[in-house]
S.K.: 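Please find one structure pasted underneath; my questions will follow.
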There are 2 protein chains.
Amino acid sequence: MVRWEPGTRERLQAAAMDLYVSRGFERTTVAEIAQAVGLTERTFFRHFADKREVLFGGQELLEQAFVDGVAAAAPDASPLAMVESALSAAAGFFPAERRSHSRQRQTIIAANPALQERELLKMAALAAVVAAALRARGVPEASATLAAESGVTVFGVAFVKWLAEGEQRSFLDIEREVLGELVAMAAGAA
Amino acid sequence: MVRWEPGTRERLQAAAMDLYVSRGFERTTVAEIAQAVGLTERTFFRHFADKREVLFGGQELLEQAFVDGVAAAAPDASPLAMVESALSAAAGFFPAERRSHSRQRQTIIAANPALQERELLKMAALAAVVAAALRARGVPEASATLAAESGVTVFGVAFVKWLAEGEQRSFLDIEREVLGELVAMAAGAA
DNA sequence: GAAAGCGATGTCAGTGACTGACGTCAGTGA
DNA sequence: TCACTGACGTCAGTCACTGACATCGCTTTC
């Protein structure tokens with residue numbers, strides 16, 4: 001008999017999601033989450049920096065996908081083409097099966113400014129690593145920042161659309177549509 | 001003799017800035033801030049929702065400037081032209097005299113993820129009201145969101161540039177430059 | 001001009017997030 | 001065998017934030 005069940009982190013995440021859904025984020029206590037999986041509040045904080053972070057696992061993987069996408073773009077690609085490649089790479093993270101889970105998560109976040117703050121921070125971090133990846137490919141500072149920020153904006157807008165009721169298209173298709181709209185908008189003002 | 005000194009809110013803001021600079025944000029207590037102006041912790045929380053909010057006064061005024069800017073754009077202006085108008089209107093908030101103060105504030109924020117989160121939330125709120133203003137002028141949903149987000153991105157990038165050491169140009173000039181770069185980047189991919 | 005009400009503040013007693021120090025104990029390797 | 005490690009528990013403490021209630025100059029009302 002093992003001393004501790006494996007997958008502590010994952011069990012805490014699942015319990016937190018459940019409780020955030022049923023009681024709401026603010027009305028659930030870290031002690032309750034820990035208790036739900038037979039652990040202590042102190043142990044929760046050994047796995048997650050804070051009560052919000054438990055909803056934001058996998059950030060590093062998403063960042064890596066974006067970075068890999070930038071690296072995979074054609075040698076002579078424009079900054080925006082590199083971003084497009086990154087968006088394509090990230091689309092793999094959101095297959096149709098994941099929509100239900102993502103929707104539930106997004107509902108929780110939408111109900112709490114504190115969680116929105118954390119999400120915005122994650123998106124900002126994402127933009128920062130994408131900008132760094134672009135700079136590593138020789139894109140000048142200003143363009144890199146703008147392209148990265150725009151890319152993350154497209155990602156965010158596409159994500160919300162993907163979650164919309166009745167939406168049937170793949171995440172990738174929606175990303176492409178939104179990116180096209182952005183380019184069209186900017187082109188109209190050139 | 002009056003019972004209370006006037007300008008409580010402003011005095012709290014000033015004391016908070018001072019302490020955040022000298023001791024750092026995390027190492028200063030709300031009780032200390034209140035004490036510094038002869039008040040109680042409880043009173044601090046009657047003026048500010050939390051310890052971070054004290055650094056983010058004047059948000060409504062900035063939002064209003066953006067909204068007014070959108071409204072002031074030419075009747076046949078494109079979404080991006082409306083955003084440009086909004087950026088121009090906002091530039092009035094950042095005359096050269098304010099750079100020193102803004103720089104100090106930005107240094108505090110840059111040192112604390114919790115404060116960055118709050119700033120990002122404020123920028124997201126700004127984007128939301130700009131998007132609403134664009135929609136009110138007939139811009140379709142998707143374009144409004146993208147144009148607003150792009151505008152706020154330009155604003156943020158321009159703000160950082162404006163604060164850079166050795167930068168001499170006006171905030172408005174920098175905004176225009178950054179917006180131009182964004183349009184050029186998007187146009188290059190059209 | 002006394003009484004009533006208002007508004008900004010103080011006081012006090014919480015709750016809950018988060019931290020540091022230290023103890024526990026099954027498994028692991030020398 | 002035994003030292004050591006890693007994941008967890010226990011405990012005490014700090015601090016952000018909240019609700020309920022008291023205080024008391026000032027203003028309004030009759």
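Just so it is clear, the model here is predicted, and its values are computed rather than measured. Residue numbers start from 1 in every chain, and the chains themselves are labelled A, B, ... in the order their sequence lines are given, proteins ahead of strands. Basis for what follows: all heavy atoms, side chains included, without hydrogens, waters or symmetry-related copies.
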S.K.: Do the charged groups of B:Glu53 and B:Lys122 touch, with an N to O distance under 4.0 Å?
M.R.: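 Counted as a salt bridge, because a side-chain N and a carboxylate O are separated by less than 4.0 Å.
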S.K.: Hey, is the side chain of B:Thr43 poking within less than 4.0 Å of OP1 or OP2 on C:dG10, counting only N and O atoms?
M.R.: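 Yes, because at least one side-chain N or O of B:Thr43 sits under 4.0 Å from OP1 or OP2 of C:dG10.
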S.K.: OP1 or OP2 of C:dT9 less than 4.0 angstrom from a side-chain nitrogen or oxygen of B:Thr8, does that happen here?
M.R.: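 Answer is yes, contact under 4.0 Å.
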S.K.: A:Phe48 or B:Thr40: which one's nearest nucleotide on DNA chain C is closer to the 5' end?
M.R.: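 This one resolves to B:Thr40.
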S.K.: Does A:Arg46 get its side chain close enough to the base of D:dG9, under 3.5 Å, for a donor-acceptor pair?
M.R.: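 Looking at the base of D:dG9, it does pair with a donor or acceptor on the side chain of A:Arg46 (distance under 3.5 Å).
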S.K.: Is there a Watson-Crick or G-U wobble partner for C:dG29 with both distances under 3.5 Å, and which nucleotide is it?
M.R.: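 Matched C:dG29 with D:dC2 under the 3.5 Å cut-off.
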S.K.: Could you tell me how far apart A:Arg27 (CZ) and C:dA17 (P) are, to the nearest whole angstrom?
M.R.: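 Roughly 13 Å, once rounded to whole Å.
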S.K.: Can you say whether a donor on the side chain of B:Arg42 sits under 3.5 Å from an acceptor on the base of D:dG19, or the other way round?
M.R.: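 When only heavy-atom distances are counted, B:Arg42 does reach the base of D:dG19 through a donor-acceptor pair under 3.5 Å.
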S.K.: Counting only side-chain N and O atoms of A:His47, is one of them less than 4.0 Å from OP1 or OP2 of D:dA7?
M.R.: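 A:His47 to D:dA7 OP1/OP2: no side-chain N or O under 4.0 Å.
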S.K.: Is there side-chain contact between A:Leu134 and A:Arg137, with heavy atoms separated by less than 4.5 Å?
M.R.: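 With C-beta onward as the side chain, the pair stays apart.
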S.K.: Assign the ring pair A:Phe94 / A:Phe155 to parallel, tilted or perpendicular, where the plane angle (0 to 90°) is split at 30° and 60°.
M.R.: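 The arrangement is tilted - the two ring planes meet at 30° to 60°.
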S.K.: Indicate, with a heavy-atom threshold strictly under 4.0 Å, whether B:Thr29 touches base, sugar-phosphate, or nothing.
M.R.: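 Result for B:Thr29 = sugar-phosphate.
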